[in-house]
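Scroll down for the structure; my scribbles are underneath it.
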Amino acid sequence: MDIYDSVIELAKRRGFLWNSFEIYGGTAGFYDYGPLGAMLKRRIENIWRDIYVINEGYYEIEVPTIGIEDVFVASGHVGGFSDPLTECVKCHESFRADHLVEDFASNPDTLTPDELSVIIKENNIKCPDCGGELGGVYEFNLMFSTSIGPGSKRIGYLRPETAQGMFVNFPRLLRFYREKLPFGVTQIGKAYRNEISPRQGIIRLREFTQAEAEIFVDPRDKSHPRFDSIRDYALILYSDPAQSSGQAQLEMSLGEAVEQGIIAHQFLAYALAMTQQFLVRVGVSPERLRFRQHMKDEMAHYAIDCWDAEILSDRFGWVEIVGIADRTDYDLKAHSRVSKTDLSVYVEYDEPRVVEKVVVKPDMGKIGPAFKGKAKAVMDALKSMDVKNGFDSKSNQMISIQVDGEQVDIPPDMYEIQQVTETIHGENIVPHVIEPSFGIDRIIYAVLEHAFREEEVQGEDEVHGEDVVKGEDEVQGKDKVKVEDEVQSKDKVKSEDEGRIVLGLKSEVAPVQAAVLPLLTREELIGPAREMESALKKKGVMAAYDDSGTIGRRYRRNDEIGTPYSITVDYDTLEDGTVTIRDRDSMKQVRSPIDTIADTIHDLIYGYTRFEDAGTPIV
RNA sequence: GCGCCGAUAGUGUAGUGGUUAUCACCGUGGCUUGCCAAGCCAUGAACUCGGGUUCGAAUCCCGAUCGGCGCACCA
């Protein structure tokens, strides 16, 4: 069993992750989060909110998961998110039909499946693998489609990413942020892709959770106002040049990376820093985390620069869990074009610009009566005339213009040429978008795998009397196993090391935050334990009471689900009012007063207190 | 989607034509238990689904589903 198997087995057994629809045989690409998994996910999402929504100030919105066709026509998903496929009748291999006809058509991307089928037939294109006959071309779109309303007149698609919902709200958001760049908006929600073959557990799902931020910035100024705060922050970068020249990834400060032009600009670098901070905070191991730059040919055509946060997994190697891209103005321009809506921002100049202009000023008192219905068109044509400086403003020329395809002559008395001085305060620009996009499910897998460990624990020395008397030489080295067998045969003895499975989750994300355990199943201990449980819950701490089995068993049970602290009530509690807090990772224990236990545990979980300061150590 | 391999209690497994379907962990109730998976008693729980071959199928064959690996795909 490798670590992947162990993690998935544990996740399944203890209620983190279950294959969906299991009683009906399951369906690939769908996973359920069980009680502990859902709690873990929620905590991770809330940390993301803490960073992006609360601290960065990028408010969260929530939009439908079903989108109308126009949205995805504009985004390019209807056209570009699908592939025309054809299958070999003989060997059943699938091919991209548009690739196969490249030599026979100039515009393969724009052809319909039927047109592609015809080209394949006419040119007698065969299977590149075995030379067999190719079947009809069909469209495979990675979007799930549905219909909106009765009948099936209106097509709807399950969104393949949450981003579009934020782009289409741009005018409202712009107003909300009082029309000033930069501003950002976030969304956490489900997205859907009808993957051809989902694999690798929750690494590739058909329904998954994305946490995305869209940060709208001025394309001419991608410096970040708080860049100084992360300038010296170092992370592991694996740049495009390093990849193409076979060099290794290397650790570098963000200030350096931007100065050397490795990262395109400050905003992107800042997004990388935020990402690293988030991932490490939720429990991704920094040693197994890197940022890999997209190579030129792998980057979406509209992006300027793109970096993936990748984690090292035991089985799959480096796996992308976050994508950070500068999407430029591609999306806003596309939506602007399709929706016929202005999606630009008026940006004021630092200094108003004074511009000298020569303009034609129509005399509407005369043009109106003369041209009647056409008057407005004539006026617009005159105003938009390109008046060169050389134009003699004094001359009494007849101006000839085109109005609605007709030649119209304007006599000199109907206009005036004027030299004007205009003060321009700003201009309309379409912002660029910086987008960090987090795959929450993959992050959860990374957190589980990086937290998972199996360790040897020194068994308690319960050996007494004659059992201890073993020859030193015998106990050492390889004979140990044999000796253990002998020892095991005696009663109540286990002196050998044993395995312990620990989910070393960060206390902030652990589903169960504190286990409340009466040392023995006795009324006088159960009472105070129950009281402590409700005190913790009142404080918002997820506490789980457990009195089943021995204390050791209960510790191990909690180790396995990542409970960071276990609190035990014993007979001393009844006398001196203290309880034992046991730390999951070190297995160390301290005695702490029961009446302040909720605060103590809360502060331990959120890092306001160190374990050593939570009470008096027990040796 | 293609190819190869696999599927037995909650988990990991044994069994390969006729078994009350093995074992361990696990869960539950009880006894016991004074801080790291102790012990005892009781108890719970499985042959992925559909078809076929056969007197008889968990076992053999075919298909589906799911899972793993490789290929393809991954805006």
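Quick caveat, the model's predicted, so the values are computed rather than measured. So you know, we letter chains A, B, ... as the sequences are listed, proteins then strands, and number each from 1.
Listed nucleotides B:rA75, B:rC36, B:rC35 differ in distance to A:H77; the shortest reach to its side chain belongs to B:rA75. Side-chain atoms of A:I196 lie closest to B:rG1 of the nucleotides B:rG1, B:rA37, B:rC35.
Where A:R327 and A:Y555 meet RNA chain B, the nucleotide closest to each residue was compared, and A:Y555 sits on the side nearer the 5' end.
Atom name P, nucleotides B:rU48 and B:rA21: the rounded distance is 15 Å, in whole Å. B:rC62 and B:rU53 have their C1' atoms separated by 11 Å, with the value rounded to a whole Å. The same atom, P, is picked in B:rA58 and in B:rC40; the two are 35 Å apart, to the nearest Å.
How far CD1 of A:I618 is from CZ of A:R591: 5.5 Å, rounded to the nearest 0.5 Å. Rounding to the nearest 0.5 Å gives a distance of 6.0 Å between CG of A:D546 and CG of A:L517. Atom CG of residue A:L536 and atom CD1 of residue A:I605 lie 8.0 Å apart, to the nearest 0.5 angstrom.
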**OP:** For RNA chain B, produce a single dot-bracket line, 5' to 3'. Pairs: Watson-Crick or G-U wobble, both distances under 3.5 Å. Symbols: ( ) within strand, [ ] crossing, | other strand, . unpaired.
**Re:** (((((((..(((.....[....)))((((((.......))))))...(((((..]....))))))))))))....

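Salt bridge annotation for A:D2-A:R315: present, with a cationic side-chain nitrogen under 4.0 angstrom from a carboxylate oxygen. A salt bridge links A:D559 with A:R582: at least one charged nitrogen is closer than 4.0 Å to a carboxylate oxygen. Ion pairing between A:R530 and A:E533 holds under the 4.0 Å rule for side-chain N and carboxylate O. Contact check on A:R500 versus A:E455 returns a salt bridge, with a Lys/Arg side-chain nitrogen under 4.0 Å from an Asp/Glu carboxylate oxygen. Salt bridge annotation for A:E161-A:R327: present, with a cationic side-chain nitrogen under 4.0 angstrom from a carboxylate oxygen.
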Extract from the structure each pairing of a protein N or O with an N or O of nucleotides 64-69 of chain B at less than 3.5 Å, listing the distance.
| unit_1 | atom_1 | unit_2 | atom_2 | d |
| --- | --- | --- | --- | --- |
| B:rU65 | O2' | A:G25 | O | 3.4 |
| B:rC66 | OP1 | A:A28 | N | 3.3 |
| B:rC66 | O4' | A:G25 | O | 3.3 |
| B:rG68 | OP1 | A:Y4 | OH | 3.4 |
| B:rG68 | OP1 | A:G201 | N | 3.4 |
| B:rG68 | O3' | A:R315 | NH1 | 2.9 |
| B:rC69 | OP1 | A:R315 | NH1 | 3.3 |
| B:rC69 | N4 | A:R199 | NH2 | 2.9 |

Collect all protein-nucleotide pairs involving nucleotides 23-27 of chain B in which both atoms are nitrogen or oxygen and the distance is under 3.5 Å.
| unit_1 | atom_1 | unit_2 | atom_2 | d |
| --- | --- | --- | --- | --- |
| B:rC26 | OP1 | A:R553 | NH1 | 2.6 |
| B:rG27 | OP1 | A:R557 | NE | 3.1 |
| B:rG27 | OP1 | A:R557 | NH2 | 3.1 |

For nucleotides 12-14 of chain B, print each protein N/O atom paired with a nucleotide N/O atom at under 3.5 Å, atom names and distance only.
none

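A:I561 has its CD1 atom 18 Å from the P atom of B:rA37, to the nearest Å. Atom CZ in A:R522 sits about 12 Å away from atom P in B:rC35, given to the nearest Å. Rounding to whole angstrom units, CE of residue A:M143 and C1' of B:rA75 are separated by 10 Å. The nearest whole Å value for the distance from the OH atom in A:Y157 to the C1' atom in B:rA75 is 14 Å. In this structure, CD of A:E524 is placed 13 Å from P of B:rG34, rounded to the nearest angstrom. For the pair A:I618 CD1 and B:rC35 P, the computed distance is 11 Å after rounding to whole Å. One atom, CG of A:D585, and another, C1' of B:rC36, lie 15 Å apart when rounded to the nearest Å. Rounded to an integer number of Å, the gap from CG of A:L519 to P of B:rA38 is 14 Å.
A:F30 is linked by a ring pair (Phe, Tyr, Trp, His ring centres under 6.0 Å) to nothing, counting only residues two or more places apart in sequence or in another chain. Not counting sequence neighbours, A:R199 has no partner by the salt bridge (charged side-chain N to carboxylate O under 4.0 Å, His left out) test.
Within 4.0 Å (heavy atoms only), A:R554 reaches no atom of the nucleic acid at all. The residue A:E161 sits close to a base: some heavy atom pair falls under 4.0 Å. No contact: A:E320 has no heavy atom under 4.0 Å from any strand.
A cation-pi arrangement is not found for A:R292 relative to A:W318, the charged atom failing to lie both closer than 6.0 Å to the ring centre and inside a 45° cone about the ring normal.
Base orientation for B:rU16: syn, the chi torsion being within 90° of 0.
Using modelled atom types, one finds no donor on one side chain facing an acceptor on the other under 3.5 Å when comparing A:Y571 with A:E575.
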